[in-house]
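These notes are about the structure you will find just below.
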Amino acid sequence: MAHHPDDPLFSVSGPRSRHRRTRAYFATALLCVLAVGCFVMRELPWGWHKVVALVFAGLTTWTFWEWTRPLETAEELLQRLRRVQQSDFGKQLVLNRPKPKTLTLPGYGAVEVRVVATFALFWLSLAWWFTPIAPIAVRLPEVEDLTVLCGREINAGVLITPTGQFVLPQPPILPPRARKVARLIRDDAGPYLLGLKAMAQSRGAAAAEQFDRAEKDGFDPKQVGLARAQNELFAGAFAEAAASYEKLAADASVSATVLAQGAMAWMLAGEFVKADRLLSAAQKRLSKDDAGEQAAVAHVQSLLAVLYAFDLRRGEELARKARESLPEDQRDTDPIAIAGMNNQGVIYVLRGDYQGAEELFKGAFDRWSAQGDGNNPTAAAALTNLGVLDLVMGRYESADLRLHRALVVRSQGARTTDQKQQIRFDAAPLYTAAAGVHLAAWNCDEAGQDTERAMSLLADVLGRDHPAMIAPLVVEARRRMLESRYLQADSLLARASGLIKRTFGTAHANNALLDLHIAELRLLQQRPADAEALARDAEKTLGGAFSAKHISVGQAHWLRGQAAAAEDRPRDARPLFDRALQIKRDHLGRDHPEVALVMGCLAALDNSPSTYPNGLDQYARAIKLIESAWPEPHPWAAQLYVGMAQLHLAREKYADAVPLLERALDIQVARLTPFHPDLAKTRELLADTLEKQTPPPTERIGQLRRQAKEGRNQHRIEDRSE
């Protein structure tokens with residue numbers, strides 16, 4: 001049976017095959033459109049570049065797949081043959097069936113060549129797209145100027161108070177955004193940009209080398225000089241950074257914000273007079289139209305007013321001016337605004353407004369944390385201030401937790417050796433504050449470890465004569481006082497006094513604050529007249545700097561009252577204790593341990609027959625306050641037990657006095673150094689009381705007197721200069 005050549009059985013293309021060719025044409029058209037678009041666009045951002053690469057590889061593969069597809073599948077061939085009446089159906093099926101070429105691949109067996117070719121073409125197309133000869137290049141992102149970003153952080157100076165009395169400027173910390181921006185700098189970007197990248201990654205030595213190369217290559221010397229100064233500042237080389245800023249200041253075209261950065265460097269180096277001079281020059285270069293510049297200079301001026309002049313009112317005014325200079329929509333997010341909130345809290349602490357300070361510190365911490373996605377190490381400054389505030393308010397457990405958390409927050413993001421060293425240096429105020437918490441609980445060994453660590457870190461970076469050493473020196477001196485090593489404490493306080501006078505002058509309020517510590521030491525050394533003179537002079541200075549009701553003035557009243565009581569002048573002591581008690585209650589609350597100590601001093605004066613019951617009651621309430629403040633028995637409670645026993649002894653109630661003295665002795669043996677004078681006094685007083693018993697316990701009395709004598713002899717040996 002013959003068939004016409006146009007018979008469907010022998011047709012090479014039917015409707016379905018024509019449909020397949022249509023898809024091939026369509027895929028080819030899309031590929032051409034993409035090619036034209038590529039040559040028009042030329043470059044794309046990295047994200048879109050990857051998307052277009054996948055589209056290009058997909059279209060190329062689809063086009064190849066459609067053009068190499070057989071015109072007729074086996075199923076379509078079978079249906080066509082069945083539509084025709086013929087005797088050689090099987091033969092025609094065999095002859096017309098497509099026979100694809102195959103390859104034998106290990107693990108896969110026979111695989112069609114077309115499939116392998118399609119797979120290879122996809123990956124080759126994708127790989128070609130990322131070569132230099134691809135039609136579209138990657139558009140490099142615009143890198144933010146890191147000197148501007150870091151400069152804003154430097155100008156946003158932060159205050160920290162490791163003791164609640166003395167204030168330090170916190171060294172600037174690289175903003176979290178700087179590291180993100182640095183990732184956009186390519187490895188072939190040139191020495192200047194590579195230096196900025198190394199600086200943002202806290203690789204100070206590598207950054208310095210790159211800046212030297214950039215200067216040799218003829219890069220803008222002013223820009224390189226600014227980057228070098230910032231790199232030195234972030235590395236903790238404050239004096240070197242300040243010198244670099246001084247070179248820049250000689251150029252009249254340098255902006256006021258750069259001079260303000262130089263002033264921050266001088267303050268961190270402890271040279272406040274030079275900082276003031278640079279700020280005066282910055283004030284003359286201020287642009288009336290640049291709000292950011294005005295805010296930066298005013299903010300740095302506010303720091304200088306607090307740190308150097310101790311003019312808290314002026315510091316507040318300048319901080320307010322800096323905030324108001326910022327655009328309204330930036331007043332809660334700008335680094336200067338957040339630092340200003342923290343610094344205002346420090347001013348409140350100095351004034352004794354502790355409740356207002358706490359709210360400000362919490363606000364600054366929340367905003368700093370939000371800026372760094374919960375990973376901003378600058379937030380450690382607010383946490384440290386909160387921890388110190390807890391310490392001042394007698395919330396010792398909370399203080400310990402917050403200071404530990406501050407150390408963790410400050411350590412976040414440490415990835416390089418340089419950065420870890422810088423973090424350790426910045427942790428010195430944290431260790432100083434932690435030592436204060438240990439001293440409050442009379443844990444002298446732990447406090448000594450913290451102060452030693454803080455002073456070692458500061459000495460390694462800043463030297464032994466930097467004013468940042470004042471706070472840890474005072475805390476360490478207090479530790480020696482608790483251990484009854486009075487000559488060593490005297491030496492440390494003298495060293496701190498020298499630093500204060502050399503840095504701030506003799507009229508600075510810091511001198512008066514330190515004199516209160518020296519007056520307390522003179523009382524322990526049984527020199528009440530010297531203590532009285534120091535406390536009286538400090539009271540005048542602090543009353544003028546703050547007010548007559550300031551917490552430090554209350555401390556001066558308390559010390560003067562103790563001096564009067566030691567000289568047997570109870571009529572002079574009582575009004576001083578009354579004023580001290582009222583001031584401390586107003587600032588610290590009625591349940592604070594320091595309030596309990598003043599109550600004990602007043603109770604000791606109630607030793608007449610008519611006031612004796614009131615004295616006992618006041619002692620009992622004071623002891624309860626002390627014992628509720630710490631989980632372990634505290635030496636302050638022992639002092640109060642001894643005072644209560646002395647009231648009983650004044651009324652010849654020896655049986656009531658003995659258990660109180662025994663309780664005091666147990667606490668002092670457990671918590672004081674074996675040679676502490678208070679321990680010897682309690683033993684002698686207990687021995688005198690036991691002698692009044694009938695019959696007296698002779699053996700116990702002898703043991704107590706022998707131990708007291710041995711303790712006093714050992715104290716004479718231990719109380720010596722280093």
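For the pair Gln488 (side chain) and Arg720 (backbone), a donor-acceptor distance under 3.5 Å is present. Proximity of a side-chain donor or acceptor of Asp719 to a complementary backbone N or O of His715 within less than 3.5 Å is not detected. A donor-acceptor pair under 3.5 Å is formed between the side chain of Asn511 and the backbone N or O of Gly505. The closest donor-acceptor contact from the side chain of Arg560 to the backbone of Ala531 lies at 3.5 Å or more, if one exists at all. For the pair Thr541 (side chain) and Ala538 (backbone), a donor-acceptor distance under 3.5 Å is absent. A donor-acceptor pair is defined here as one N or O able to donate and one able to accept, closer than 3.5 Å; such a pair exists between the side chain of His592 and the backbone of Val392. With hydrogens and angles disregarded, a donor-acceptor distance shorter than 3.5 Å links the side chain of Thr161 to the backbone of Phe166. Of the possible polar contacts, none joining the Asn443 side chain to the Glu446 backbone as a donor-acceptor pair under 3.5 Å is found.
Inspection of the Thr682 and Gln668 side chains reveals an N or O donor paired with an N or O acceptor under 3.5 Å. Donor-acceptor pairing under 3.5 Å is lacking for the side chains of Ser628 and Lys624. With no hydrogens or angles considered, no side-chain donor-acceptor pair links His634 and Gln639 at under 3.5 Å.
Checked options Ile551, Leu312, Leu159; the residue passing with Leu350 is Leu312 (criterion: side-chain contact (heavy atoms from CB on, under 4.5 Å)).
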ring-ring contact (aromatic ring centres under 6.0 Å, His included) assessment of Phe361 paired with Tyr354 | CA-CA 10 Å; Phe361 291 148; Tyr354 300 132; over 10 Å; no
Apply side-chain hydrogen bond (donor to acceptor under 3.5 Å, both in side chains) to the pair Arg585 and Gln582, showing each step before the final yes or no.
-> CA-CA 5 Å; Arg585 279 178 172 172; Gln582 186 60 48; 5.5 Å; no
Pair Tyr308-His508, side-chain hydrogen bond (donor to acceptor under 3.5 Å, both in side chains): steps then yes or no | CA-CA 8 Å; Tyr308 184 57; His508 199 275; over 6 Å; no
Do Lys584 and Gln555 pass the side-chain hydrogen bond (donor to acceptor under 3.5 Å, both in side chains) test, and can you show the C-alpha distance, the side-chain angles, and the key distance before you say yes or no?
-> CA-CA 8 Å; Lys584 285 181 177 287; Gln555 183 75 359; 2.8 Å; yes
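Within the 4.5 Å cutoff, the side chain of Asn342 has no heavy atoms near those of the Leu360 side chain. Residues Pro677 and Ser484 meet the side-chain proximity criterion, which asks for heavy atoms closer than 4.5 Å. The closest side-chain heavy-atom distance from Arg663 to Ile623 is not below 4.5 Å. Annotation: side chain of Lys653 is in contact with side chain of Tyr612 (closest heavy-atom distance under 4.5 Å). In this structure, the side chains of Val474 and Thr163 stay at 4.5 Å or more apart for every pair of heavy atoms. Residues Pro169 and Val158 fail the side-chain proximity criterion, which asks for heavy atoms closer than 4.5 Å. Considering only heavy atoms from C-beta on, Trp558 stays 4.5 Å or farther from Leu581 through its side chain. Contact annotation: the side chain of Arg478 approaches that of Glu520 to within less than 4.5 Å [non-hydrogen atoms, C-beta and beyond].
Within a 6.0 Å sphere centred on NE2 of His404, other residues, nucleotides and ligands contribute 12 heavy atoms or fewer. The environment of CD in Glu397 is sparse: at most 12 heavy-atom neighbours from other residues, nucleotides or ligands sit within 6.0 Å. The environment of Arg502 atom CZ is dense: over 12 non-hydrogen atoms of other residues, nucleotides or ligands sit within 6.0 angstrom. Other residues, nucleotides and ligands place more than 12 heavy atoms under 6.0 Å from the CZ atom of Arg651. By the 6.0 Å contact criterion, CD on Glu452 is open, its count of non-hydrogen atoms from other residues, nucleotides or ligands being 12 or less.
In this structure, Tyr431 has its ring center no closer than 6.0 Å to that of His438. For Phe272 and Phe504, the gap between ring centers is short of 6.0 Å. Less than 6.0 angstrom separates the ring centroid of Trp630 from the ring centroid of Trp636.
The existence of a salt bridge linking Lys709 and Glu684 is excluded, since no basic side-chain nitrogen approaches an acidic carboxylate oxygen closer than 4.0 Å. Using a 4.0 Å cut-off between charged side-chain N and carboxylate O, Asp366 and Lys362 make no salt bridge. With salt bridges taken as basic N to acidic carboxylate O contacts below 4.0 Å, one links Asp390 and Arg402. Taking 4.0 Å as the cut-off between side-chain N and carboxylate O, Glu699 and Arg706 do not count as a salt-bridged pair. Remark: Arg527 engages Asp530 in a salt bridge, criterion side-chain N to carboxylate O under 4.0 Å. A salt bridge does not link Asp445 to Arg479: none of the charged side-chain nitrogens sits closer than 4.0 Å to a carboxylate oxygen. For the pair Asp450 and Arg453, the salt-bridge criterion is met [side-chain N within less than 4.0 Å of a carboxylate O]. Salt bridge Arg705/Asp688: present, at least one basic N to carboxylate O contact under 4.0 Å. The existence of a salt bridge linking Glu358 and Arg395 is confirmed by a sub-4.0 Å separation between a basic side-chain nitrogen and an acidic carboxylate oxygen. Ion pair Glu316/Arg351 flagged as a salt bridge, since at least one NZ, NE, NH1 or NH2 atom sits closer than 4.0 Å to an Asp/Glu carboxylate oxygen. Comment: Asp490 engages Arg522 in a salt bridge, judged by a side-chain N to carboxylate O separation of less than 4.0 angstrom.
Residues passing the side-chain hydrogen bond (donor to acceptor under 3.5 Å, both in side chains) test with Glu359: none are found, sequence neighbours excluded.
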